[in-house]
Each structure stands twice: as structure tokens, then as C-alpha cells.
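Computed over heavy atoms, backbone and side chain alike; hydrogens, waters and symmetry mates excluded. Ligands are counted one by one from 1 in listed order, and the atoms in each one are counted from 1 as well.
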Amino acid sequence: MIRSPHIASLLVLGALAAFSSNAAAAECKATIDSTDAMQFTTKALTVPKSCKTFTVTLKHVGKLPATVMGHNLVLGKTADIAGIAADGMKAGAAVQYVKPGDARVIASSKVIGGGQSTTVTIPVGKLKAGESYTYACTFPGHSSIMRGTLTVK
Ligand code: CO
């Protein structure tokens, strides 16, 4: 009888702890892990409006090479991300699967493989509160699964 409310309150405490550690780190950076299972471990980012830039460190915590399980992080409006990914795939590996000069791309990293990491700097001044943004991996076949939302607050 006591047991489940107790577990529930532990879960609430855990959630609060995670929330407050994020809030305390109201800093202008975040780390996102990516895996051999074609996943970003973080599916949503909130960027404080007060940041000039927001730096995302993308880590590939898997073992597969970039040619097989490459990951990048490309940010655009949610409405644009499918087009960005389709054109990036056509543009190819030599340009990190991002079409050169693509005005829809707000920020993009290079492609990394297992054990590697990279950073991408997001110009927060170009983002609008209330707009829906999505970050995705534009490696062929990844963008429909490897994606997350980005919100400015
Ligand atoms: Co990927």
C-alpha cells in the first residue's frame, strides 16, 4: 500500500532533480549522445533566449565508423527539415550531407563515427520564440528517426 506512492514520489523527485540540474545549467550549451542504434539520446532541447549562441556537443558513443553509422546534427525549421535532409543526402558525404549554401540550414556539424565528437554552434539570434525547430542527422536514411525538437525560451 505504501509501496507504489513511495515509488511515485521517488520518480517525481528524480524528475525534479533532472529538471533543476538543467535549469541550473541555464548555460548556453548541451551535449547530445548518438548511438550505433541510430538514435539521438536527447530528443528535445530548450535554448535560453538570453544566449547569444548555443553550442551543442555531439558525441557518437557507438563503435561503427562514420561511413556506416555516421551522425551529424543539422538544425532547421521543422517545416524545412525533410527538404534539408533530402538535399543533403543528394549532396553527399564529401559535404557532410548538407547541401552547400542551403539557406534553410541554421546550423550544422560535420559527420562523425563511433568514439568521435564534434560541436555545432547555433546562432540564437536567428531563432524565434514560438517557431518549431528540429535537429536531425542527415546521414542517408537517418533523419526520420534521428531527430529532436528545439525550442527557444
Ligand atoms: Co546518423
### Query
Quick one: angle G70 O - the Co ion (ligand 1) - C137 SG, to the nearest 10°?
100°
### Query
Less than 4.0 Å between a side-chain N and a carboxylate O, is that true for R104 and D80?
no
### Message
Tell me whether the rings of F40 and H71 are parallel (<30°), tilted (30 to 60°) or perpendicular (>60°).
### Response
tilted
### Query
What's the shortest heavy-atom distance between I145 and M38, and which atoms?
CG2-O, 3.4 Å
### Apex the Co ion (ligand 1); atoms H142 ND1 and M146 SD; angle rounded to 10 degrees
90°
### Query
Side-chain heavy atoms under 4.5 angstrom apart, residues restricted to Ile, Leu, Val, Met, Phe, Trp, Tyr: same cluster for Y133 and I32?
yes
### Among the N, O or S atoms of H71, the one nearest the Co ion (ligand 1)
ND1
